[in-house]
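Structure first, commentary second.
Reminder, nothing fancy here: chain letters follow the sequence lines and each chain counts from 1. Being a predicted model, the structure only gives us computed values, none of them experimental.
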Amino acid sequence: MSSLSDAKRNLRERAEGALRREVLSELGRDQPGTVEPYRPKGDRFWRLLFVPLYRRIPWTAKERAMSALGMTAKGWQPPARKPGEPWRPPAGATRSASADPPEQPPAA
Amino acid sequence: MERVIVIGGGGAGTAAATITKRLNPALKVSVFTEFSDIAYSPCGIPFVHGREIPKFEDLFLSTVERYEEEGLDMRMETVVTDIDLDRRTITAKNQPEGFDQLVLCTGFVWEQPDVPGANLDGLHYVKDIRKSMEFDEQLDSMKRIVVVGAGPVGVEMAGGLARRGLHVDLVDEGPWVLHEILDPDVAKPVHDSLEARGVTLHLGTKTESFDGNADGHVAAVTTTDGVFECDAVVTGLHKIPNTKLAEAAGLKLGTTGAVVVDDHMRTSAPGVWAAGDVVEIPHGLNMIPITGLTGAHGYAQGRVAAVNITGGELAYDPVWVPWGMVGGDYTIGGFSMGENLAKTLGIPYVLAKGVGITKARYYPGAEKTYVKLLAEPDTLRLIGGVIHGGEGVKERCDFLAFAAKRGATLYDLAYMENIYSPPIGALFEPIQIAAQNALAAQRENKLAVVT
């Protein structure tokens with residue numbers, strides 16, 4: 001594996017771990033049956049610097065950064081229907097004589 | 001004769017092999033697996049140990065002989081040591097075997113604890129049915145087990161072994177069991193259920209070492225919460241994609257460490273496909289690749305690969321990950337993500353929460369079902385959710401994962417149709433209740449955005 005791939009993987013693991021531990025601590029506070037998560041050595045940098053900085057960045061910017069860094073999947077088809085778009089029958093589907101004129105197929 | 005070689009005999013591998021052969025009987029399809037058994041459900045192993053399933057033989061779905069009758073070339077207990085993409089050969093038992101198409105379904109290996117003593121005898125990993133059968137016999141003479149890792153397998157094993165009458169210490173660094181998939185508001189009923197079975201929980205606790213006896217067998221586990229004597233250890237940490245062969249062959253690996261595939265299960269090398277636990281698949285919400293999916297996912301991916309190998313056209317969708325299990329005796333599930341993961345990533349959401357019942361309120365045995373949905377603040381499109389309690393958790397999570405894939409919103413769910421039949425469904429569907437609660441809060445400007 002290239003050192004760049006290694007670096008991306010390490011970044012993802014450390015970042016996710018640090019972010020997750022902070023969230024676990026916050027979400028679990030006051031919830032019955034929960035305790036503080038175990039924090040590994042070396043967590044302080046990630047906890048005190050990375051986590052607050054990460055949280056300041058809007059989610060839309062994070063998404064763009066992940067895509068730019070090649071951390072999202074490529075070569076996958078987009079969803080068949082846009083979110084919130086109503087269902088339409090497939091183009092060319094047969095309809096009964098009493099039905100309304102066929103709907104236009106959704107834009108590609 | 002064109003030849004397809006499948007490496008790996010798990011769910012993805014057997015699906016890829018059997019369906020390829022069925023779609024094009026003219027192909028020679030060879031399956032190489034390092035194991036002596038095939039076509040069994042490893043997910044059932046914890047329940048055999050816990051005496052809920054009578055015997056291991058019940059877990060087998062088919063046999064090597066049946067696959068051979070269907071025309072497959074089965075190479076059992078045959079380890080593939082090398083892939084040469086230039087020569088289009090694999091090496092097994094020091095012999096090269098040529099292929100025209102290659103399908104990599106090498107699955108996963110369990111993460112090994114990175115502490116002293118991890119190589120001692122007596123550390124059991126739940127995967128191979130033969131080893132599980134041997135372990136099951138040993139359990140009859142054991143009294144104390146430490147389970148390291150409170151993920152799904154760890155929780156199932158802990159609950160099962162405690163049900164069997166063993167003393168079980170369940171150790172995890174997380175603040176509650178299943179913390180990577182479960183939100184903390186569901187922790188208590190799961191903990192209570194496990195403890196009722198006899199499991200002792202040690203959470204927020206790090207395993208520091210495995211301590212052996214004079215025979216090199218584990219005898220105790222040292223943790224930050226004390227030393228626990230034991231007759232054996234069950235480890236249920238993370239599933240690590242088994243990419244040794246893929247990496248050596250130069251296939252592209254992703255940020256999860258798994259093999260990168262496109263939506264047709266093609267890898268970075270022409271004529272080489274991959275499916276199952278060895279690959280990373282994008283999450284449908286944001287296309288971030290993930291691993292650790294289920295056997296159902298693996299089988300479906302194997303099918304996609306088979307269709308495309310044989311000249312068909314089938315794409316695999318990004319996943320919305322419905323999941324469900326029983327923690328102790330308490331049913332839990334979800335889809336996509338809970339608040340835990342949404343907050344970790346920093347995805348803003350609003351919550352739709354509701355409590356319903358599983359049967360008509362007047363019907364005996366009606367139980368509460370708790371629904372918590374996450375939705376995008378502006379569109380109210382589904383992001384994820386957690387559901388727990390009573391019957392129907394699995395069906396609701398399957399439905400919601402599909403609904404989310406199709407872009408459903410809380411508006412859609414608030415006015416969904418539902419079955420009302422006293423023994424199986426109440427007048428008001430719990431998912432509807434949750435969605436309607438959120439819409440009511442929105443009308444009153446009380447639907448808070450969580451960031």
Would you say [X] has more than 12 foreign heavy atoms packed within less than 6.0 Å of its [atom1]?
X: K252(B); atom1: NZ; result: no
X: F45(A); atom1: CZ; result: yes
X: R266(B); atom1: CZ; result: yes
X: K62(A); atom1: NZ; result: yes
X: E26(A); atom1: CD; result: yes
X: D378(B); atom1: CG; result: yes
X: K74(A); atom1: NZ; result: yes

Least distance between heavy atoms, [X] atom then [Y] atom:
X: T255(B); Y: R12(A); answer: OG1-NH1, 3.0 Å
X: N286(B); Y: W59(A); answer: ND2-CZ2, 3.8 Å
X: L24(A); Y: P175(B); answer: CD1-CD, 3.6 Å
X: A73(A); Y: P289(B); answer: N-CD, 4.3 Å
X: Y38(A); Y: T205(B); answer: CB-N, 4.5 Å
X: T34(A); Y: P184(B); answer: CG2-CB, 4.1 Å

At a 4.5 Å cut-off on heavy atoms, which part of [X] comes close to chain A: side chain, backbone, both, or neither?
X: H179(B); result: both
X: E376(B); result: neither
X: Y316(B); result: both
X: H283(B); result: neither
X: D185(B); result: both

From E13(A) atom CD to H238(B) atom NE2, the distance as rounded to the nearest 0.5 Å
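It is 9.5 Å, given to the nearest 0.5 Å.
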Interatomic distance, M66(A) atom CE to L345(B) atom CG [nearest 0.5 angstrom]
6.0 Å
Portion of M71(A) that has a non-hydrogen atom of chain B nearer than 4.5 angstrom
both
Could you tell me which portion of E63(A) (side chain, backbone, both or neither) has an atom closer than 4.5 angstrom to a non-hydrogen atom of chain B?
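It is the side chain, since no backbone atom gets that close.
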Looking at I347(B), T379(B), L203(B), which makes the most heavy-atom pairs under 4.5 Å with chain A?
I347(B)
Given the options V177(B), D183(B), D263(B), T243(B), which has more heavy-atom pairs under 4.5 Å with chain A than any of the others?
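Winner by heavy-atom pair count: D263(B).
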Taking non-hydrogen atoms and a cut-off under 4.5 angstrom, which of residues 15-23 of chain A neighbour chain B?
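Only E16(A), L19(A), R20(A), V23(A) of residues 15-23 of chain A have a heavy atom under 4.5 Å from chain B.
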Counting N and O atoms only, with roles assigned by atom type, does the side chain of W76(A) sit under 3.5 Å from a partner on the main chain of V261(B), one being a donor and the other an acceptor?
yes
